[in-house]
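See below for the structure under consideration.
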Protein chains: 2
Amino acid sequence: MRIGELARESGLAVETVRYYEKEGLIAAPPRSPAGYRDYSSLTLHYLNFIRSAKAVGFSLKECRDLLAIFVSRDAHTCAEVKGLSEEKLTQLEQQMEALQRMHQTLKAISDACCGGDESAVNCSILDQLEGKKP
Amino acid sequence: MRIGELARESGLAVETVRYYEKEGLIAAPPRSPAGYRDYSSLTLHYLNFIRSAKAVGFSLKECRDLLAIFVSRDAHTCAEVKGLSEEKLTQLEQQMEALQRMHQTLKAISDACCGGDESAVNCSILDQLEGKKP
DNA sequence: CTTGACTCTGAAGTTAGCTTTAGGGTTTAT
DNA sequence: ATAAACCCTAAAGCTAACTTCAGAGTCAAG
């Protein structure tokens with residue numbers, strides 16, 4: 001199949017598919033006489049794999065590593081794959097915690113503000129951001 | 001004070017301070033005869049403000065907007081400031097939810113895997129990422 | 001046979017928030 | 001008086017993941 005169909009099937013943009021090839025995530029496919037890329041359905045599986053991996057937080061580099069495992073599964077172990085998953089889970093947790101901290105801080109600051117239509121000359125949010133103790 | 005001292009006091013890098021000036025977050029200060037930037041302590045307050053705002057999730061552009069309010073507080077209202085805070089709180093919540101969804105999905109996939117030292121030929125994580133139903 | 005949809009390439013552009021580089025003056029302490 | 005530490009500029013580089021552009025060839029339908 002040609003790149004347009006592959007893109008439609010995988011839900012990616014045509015340019016993104018070419019980009020993934022350039023970045024080494026998928027192999028360069030054979031070409032038609034006119035020079036068009038000619039993909040097998042295997043590539044569609046790979047793109048779906050990438051999309052899923054990205055959807056749970058893996059970067060493109062990590063997708064490339066995962067994909068390398070995927071294409072030669074017999075040379076790798078479940079422990080290895082699960083290790084990568086758990087590492088990513090930990091990262092996600094850390095990111096959530098960072099966001100949570102920001103949220104808590106900002107919520108406390110925001111809740112303390114009257115939010116009224118009066119001038120912000122005495123706005124406690126601005127004071128807090130400046131670093132003033134209340 | 002010169003830029004090095006300002007940087008030390010604010011906890012930012014010297015280059016970052018110059019960058020903030022270029023980006024319009026802080027005004028260009030007067031110069032010494034030798035061409036050195038000569039800051040007042042007011043700038044330090046502004047930089048502290050920026051640091052705090054960044055720490056709770058505001059982008060530099062948003063910091064610039066907040067700072068514009070900060071420097072002419074009497075022309076703005078508490079409602080306006082609180083509105084921006086609550087908008088940011090909502091964004092933070094959405095980001096956390098997105099991370100949570102990724103985490104839940106990946107955790108379910110990861111937990112189902114044995115994680116053993118056997119070959120990944122039948123690894124359920126890889127199957128799930130490929131899109132296979134179990 | 002022409003029109004519109006599709007494909008190709010390589011390079012440059014995008015966003016955010018800095019950091020680094022290169023090359024050159026100034027201040028301060030000893 | 002000299003060396004370390006500091007300051008200046010403009011421009012380029014960095015990361016991530018694409019997107020856009022310019023210019024040109026190919027395919028399918030009517």
Side-chain angles (χ1 to χ4, degrees), chain A residues 1-40 43 46-67 88 91-92 95 98-99 102, chain B residues 1-40 43 46-67 88 91-92 95 98-99 102:
Chain A
M1 79 183 98
R2 297 195 306 201
I3 198 170
E5 191 185 345
L6 182 68
R8 261 192 307 281
E9 296 285 321
S10 65
L12 296 169
V14 167
E15 303 78 32
T16 304
V17 176
R18 282 196 286 251
Y19 172 72
Y20 283 179
E21 177 182 321
K22 202 173 55 180
E23 292 297 302
L25 277 99
I26 56 176
R31 299 296 182 110
S32 78
Y36 289 7
R37 288 173 178 80
D38 183 23
Y39 293 101
S40 79
T43 308
Y46 293 162
L47 291 180
N48 286 335
F49 184 91
I50 293 169
R51 244 165 51 89
S52 304
K54 264 175 58 68
V56 296
F58 288 102
S59 71
L60 281 195
K61 265 184 196 170
E62 290 164 340
C63 287
R64 197 171 49 193
D65 297 343
L66 280 172
L67 212 42
K88 182 53 66 179
Q91 280 176 27
L92 290 171
Q95 288 174 34
L99 286 177
M102 293 192 240
Chain B
M1 80 183 95
R2 298 194 307 200
I3 198 170
E5 190 184 347
L6 182 68
R8 261 192 309 281
E9 296 286 320
S10 65
L12 295 168
V14 166
E15 302 79 31
T16 303
V17 176
R18 282 196 287 250
Y19 173 71
Y20 284 178
E21 177 183 323
K22 201 173 56 179
E23 292 297 302
L25 277 98
I26 56 176
R31 300 294 182 112
S32 79
Y36 289 8
R37 289 174 178 79
D38 183 23
Y39 293 101
S40 79
T43 307
Y46 292 162
L47 290 180
N48 286 334
F49 184 92
I50 293 169
R51 245 164 52 88
S52 304
K54 265 175 57 68
V56 295
F58 288 102
S59 70
L60 282 195
K61 265 184 195 170
E62 290 163 341
C63 287
R64 196 172 48 192
D65 298 343
L66 280 171
L67 212 43
K88 181 54 65 182
Q91 280 177 27
L92 290 171
Q95 289 174 34
L99 286 177
M102 293 192 240

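Note on naming: letters A, B, ... go to the chains in the order of the sequence lines (proteins, then strands), and numbering restarts at 1 for each one. Excluded from the calculations below are hydrogen atoms, water molecules and symmetry mates; all remaining heavy atoms, backbone and side chain alike, are included.
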Seminar exercise, completed: Between B:P29 and B:D38 the two heavy atoms that sit nearest each other are CB-O, 3.6 Å
Problem set entry | From CD1 (A:I26) to SG (A:C63), nearest 0.5 Å | 12.5 Å
Exercise. Rounded to the nearest 0.5 Å, how far does OG1 of A:T43 lie from CG of A:N48?
Worked result: 11.0 Å
For this session: Please list, by residue number, the residues of residues 8-16 of chain A whose heavy atoms come closer than 4.0 Å to an atom of DNA chain C; answer none if no residue qualifies.
Result: none
Exercise. Whole-Å distance between D:dC6 C1' and B:R31 CZ?
Worked result: 14 Å
Exercise. Excluding sequence neighbours, so at least two apart, what forms side-chain hydrogen bond (donor to acceptor under 3.5 Å, both in side chains) with B:Q91?
Worked result: B:K88
For this session: Could you check how far CG of A:D38 sits from C1' of C:dT7, rounded to whole Å?
Result: 13 Å
Exercise. Which parts of nucleotides 24-30 of chain C does protein reach within less than 4.0 Å, heavy atoms only, written one letter per nucleotide 5' to 3' as B for base, S for sugar-phosphate only and - for none?
Worked result: -BBS---
Problem set entry | Protein-nucleotide distance (A:I3, atom CD1; D:dG25, atom P), rounded to Å | 20 Å
For this session: Using the closest heavy atom to pick a nucleotide of DNA chain D for each, name whichever of B:K22 or B:G35 lands nearer the 5' end.
Result: B:G35
Exercise. Can you tell me how far C1' of D:dA16 sits from CD of A:E62, to the nearest Å?
Worked result: 12 Å
For this session: Sort and list the pairs that fulfil salt bridge (charged side-chain N to carboxylate O under 4.0 Å, His left out) and have at least one residue in residues 2-19 of chain B, not counting sequence neighbours.
Result: none
Seminar exercise, completed: dist A:L25:CG -> A:D65:CG (nearest 0.5 Å) comes out at 9.0 Å
Exercise. Counting only side-chain N and O atoms of A:R37, is one of them less than 4.0 Å from OP1 or OP2 of C:dC6?
Worked result: no
For this session: Using atom CD of A:E21 as one end and atom P of C:dG10 as the other, report the distance to the nearest whole Å.
Result: 10 Å
Problem set entry | Close side-chain approach of B:Y36 and B:I3, heavy atoms under 4.5 Å | no
Seminar exercise, completed: side-chain hydrogen bond (donor to acceptor under 3.5 Å, both in side chains) filter on B:S40, not counting sequence neighbours, yields none
Exercise. Could you give the CD-to-P distance, from A:E5 to D:dC27, as a whole number of Å?
Worked result: 16 Å
Exercise. Quick one: does B:L92's side chain get under 4.5 Å of B:V56's, heavy atoms only?
Worked result: no
Problem set entry | side-chain contact (heavy atoms from CB on, under 4.5 Å) against B:T16, all qualifying residues, sequence neighbours excluded | B:L12, B:A13, B:Y20
Exercise. Is B:R18 touching bases, backbone alone, or none of the nucleic acid, heavy atoms closer than 4.0 Å?
Worked result: base
Seminar exercise, completed: Residue pairs passing the salt bridge (charged side-chain N to carboxylate O under 4.0 Å, His left out) test with at least one member in residues 22-32 of chain A, sequence neighbours excluded, are none
Problem set entry | Non-neighbouring partners of A:R37 that pass side-chain hydrogen bond (donor to acceptor under 3.5 Å, both in side chains), sequence neighbours left out | A:E21
Can you tabulate the close N/O pairs, meaning under 3.5 Å, that link protein atoms to atoms of nucleotides 22-24 of chain D?
none

For this session: For residues 51-61 of chain A, pull every pair meeting side-chain hydrogen bond (donor to acceptor under 3.5 Å, both in side chains), keeping only residues two or more places apart or in separate chains.
Result: A:S59-A:E62
For this session: Output all residues satisfying side-chain hydrogen bond (donor to acceptor under 3.5 Å, both in side chains) with B:S32, sequence neighbours left out; order by chain, then residue number.
Result: none
Exercise. What is the distance from CZ of A:R64 to C1' of D:dC18, rounded to the nearest Å?
Worked result: 15 Å
What does the list of N/O pairs under 3.5 Å between the protein and nucleotides 15-17 of chain C look like, with a distance for each?
residue, atom, partner, partner atom, Å
C:dG17, OP1, B:L60, N, 3.4
C:dG17, OP2, B:L60, N, 3.4
C:dG17, N7, B:Y19, OH, 3.4

